[in-house]
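What follows is a set of notes on a single structure, which appears directly below.
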Amino acid sequence: MKKYRILTIDGGGIRGLITTILLERLEHSIPGFLSKVNLFAGTSTGGLLALGLASGLNPTQARRIYEDKGDVVFKVSLLRRILALGNLIGAKYSLNPLKEELHKQFGDLKLGDLPKKVLISSFDLDNGLHPSGTNRKWKAKFFHNYPGPESDEMESVLDVAIRTANAPTYFPIFQGYIDGGVVANNPSMCALAQALNPQTGGEELSDIVLISFGTGHNPHHIPVQFGDWGVLHWATKIINLVTEGSAGLADYQCRQLLGDRYYRVNPLLPFSIAMDNVDEIPRMVEIGNGFDLGEVENWIKEIYLS
């Protein structure tokens, strides 16, 4: 039976380290597992990983980048803190350290240069003039390197990487785009749709197998039965609600459409870890190494690769 294998990775900032460790362990126990993937899809930190894996980066190399450079990317300079009034009127972090690290990895590569297919989510804040010349609107944008008239194969990998990873309030707007997590923090359903699209993937639903990786499920909850909340209360929670809520939606949809040809890997975290909490890197390493992958390995061998 022909199989079209998709691997997707959620957003989550520095928690992407957990995903790299899980992938590293799976690649060790099932050598060549990642080489069989046809489409890598990702959002935010997952987009960076998807682009890296599609370009030939292995999970161990990706893990080292998170461990060695996480505190460089998520570092607040005194000047930045002053200019942004402590994140009140400006982004918490500069994009420059992230750009530098991504340029080292991708250089001048275009999406079309990647040996694997990719789908990377972002959000376009202004897609230009409407044909009537009167309306402008923001919209989701999914960059891909499938051939065809709507291909993004000439887009710079570096630019796409930044467009998917610049989370609002954490990083500035880049080229009119912000982090894809505002629309598809879990890009699994988006990847499935792209693979089914006759103009791009052209695959049959019955041929698709999909494994989806989260970056650790934060144990967020709101212990309120009846709350008359306004902007002040919701403002500090809305980003988590949007990103984690959309992740659950994609998980539900893929389960209904694919059944046992879909598997979700997303460790429940013992406590909430923010996307920029580099102080918890040692704990994230423990979580990644301690997560039981027995059932995942069996599914990969029996369904994903067989």
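Side-chain atoms are counted along with the backbone in the values below, which use heavy atoms only and exclude waters and symmetry mates. Heads up: numbering here begins at 1 and tracks the sequence.
- When all heavy atoms are compared, the tightest approach of A41 to A50 is C-CB, 3.8 Å.
- Connection of M154 to L111 is not established within any shared hydrophobic cluster, with ILVMFWY side chains joined at heavy-atom distances below 4.5 Å, either directly or through further cluster members.
- Y177 pairs in a ring-ring contact (aromatic ring centres under 6.0 Å, His included) with only one of the listed residues (F143, F171, W138, F123), which is F143.
- For F40, the ring pair (Phe, Tyr, Trp, His ring centres under 6.0 Å) test picks out no residue, with sequence neighbours left out.
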Is there a side chain to side chain contact (heavy atoms under 4.5 Å, CB included) between Q61 and I65 once you walk through the steps?
CA-CA 7 Å; Q61 292 170 318; I65 294 173; 5.7 Å; no

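- Applying the side-chain hydrogen bond (donor to acceptor under 3.5 Å, both in side chains) definition to pairs two or more places apart or across chains, those involving residues 193-209 are K2-E203, Q194-T200.
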Stepwise side chain to side chain contact (heavy atoms under 4.5 Å, CB included) test for L196 and I208:
CA-CA 9 Å; L196 291 171; I208 294 174; 3.7 Å; yes

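- The neighbour count for I173 CD1, taken as heavy atoms of other residues, nucleotides or ligands under 6.0 Å away, does not exceed 12.
- When atom types are taken as modelled, the side chain of S212 and the backbone of I9 share no donor-acceptor pair closer than 3.5 angstrom.
- Listed by first and then second residue, the salt bridge (Lys or Arg N to Asp or Glu O under 4.0 Å) pairs involving residues 27-54 amount to none (not counting sequence neighbours).
- Within the model, atoms CG of L119 and SG of C190 stand 6.5 Å from one another, a figure rounded to the nearest 0.5 Å.
- Take D279 and apply the side chain to side chain contact (heavy atoms under 4.5 Å, CB included) test, not counting sequence neighbours, and it matches N277.
- How far CD of Q175 is from CG of L125: 12.0 Å, rounded to the nearest 0.5 Å.
- Nearest heavy atom pair, residue L7 against residue L23, reads CD1-CD2, 4.1 Å.
- With sequence neighbours left out, the ring pair (Phe, Tyr, Trp, His ring centres under 6.0 Å) criterion links F106 to no other residue.
- D124 places no side-chain N or O within donor-acceptor distance of the main-chain N or O of A140, the cut-off being under 3.5 Å.
- Scanning for ring pair (Phe, Tyr, Trp, His ring centres under 6.0 Å) contacts around Y4 gives an empty result, with sequence neighbours left out.
- Under the salt bridge (Lys or Arg N to Asp or Glu O under 4.0 Å) criterion, the residue pairs touching residues 247-275 are D10-R264, D251-R255, with sequence neighbours excluded.
- Note: the hydrophobic cluster containing I6 also contains L205 (ILVMFWY, side chain heavy atoms under 4.5 Å, direct or indirect links).
- Atom CZ in R5 sits 11.0 Å away from atom CD1 in I300 (nearest 0.5 Å).
- Listed by chain and residue number, nothing satisfies the side-chain hydrogen bond (donor to acceptor under 3.5 Å, both in side chains) test with R64 (two or more places apart in sequence, or in another chain).
- In this structure, a donor-acceptor pair under 3.5 Å is present between the side chains of T45 and Y66.
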What verdict does the side chain to side chain contact (heavy atoms under 4.5 Å, CB included) test give for E100 and V72, after you've listed the backbone C-alpha separation in whole Å, the side-chain angles of each residue and the deciding distance to 0.1 Å?
CA-CA 10 Å; E100 291 175 10; V72 175; over 6 Å; no

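- Scanning all heavy atoms of the two residues, the minimum distance from A54 to V118 falls at CB-CG1, 3.3 Å.
- Follow the hydrophobic side-chain contacts under 4.5 Å out from L57 and you never reach L158; the two are in separate clusters.
- Under a 3.5 Å cut-off, the side chain of R15 and the backbone N or O of T215 do form a donor-acceptor pair.
- Between S55 and V157 there is no side-chain heavy-atom pair separated by less than 4.5 Å.
- Nearest heavy-atom pair, A165 versus L98, reported as atom, atom and distance to 0.1 Å: CB-CD2, 4.4 Å.
- Of the inter-residue distances, the one linking L210 atom CG with N38 atom CG reads 11.0 Å to the nearest 0.5 angstrom.
- To the nearest 0.5 Å, the span separating CG on L17 from CD on E24 amounts to 9.5 Å.
- Hydrophobic clustering (ILVMFWY, side-chain heavy atoms < 4.5 Å, transitive): L305 and L293 are in one cluster.
- Sequence neighbours left out, the pairs with a member in residues 163-178 that pass salt bridge (Lys or Arg N to Asp or Glu O under 4.0 Å) are E155-R163.
- A side-chain hydrogen bond (donor to acceptor under 3.5 Å, both in side chains) check over residues 104-120, counting only residues at least two apart or in different chains, returns the pairs E101-K104.
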Please step through side chain to side chain contact (heavy atoms under 4.5 Å, CB included) for the pair L26 and V265, ending with a clear verdict.
CA-CA 12 Å; L26 288 170; V265 185; 5.9 Å; no

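- Looking at T43, its side chain never comes within 3.5 Å of a backbone N or O of S121 through a donor-acceptor pair.
- When all heavy atoms are compared, the tightest approach of D179 to S44 is OD2-OG, 2.6 Å.
- Considering all non-hydrogen atoms of both residues, P59 and T20 come closest at CB-O, 3.7 Å.
- Annotation: salt bridge (Lys or Arg N to Asp or Glu O under 4.0 Å) contacts involving residues 139-152, sequence neighbours excluded, comprise K141-D152.
- Distance alone, capped at 3.5 Å, places no donor-acceptor pair between the R283 side chain and the P270 backbone.
- Within the structure, side-chain hydrogen bond (donor to acceptor under 3.5 Å, both in side chains) pairs that include any residue of residues 293-306 comprise K3-S306, S29-E297, Y263-E295 (at least two apart or interchain).
- Residue M189 holds its CE atom at 8.0 Å from CG of L258, rounded to the nearest 0.5 Å.
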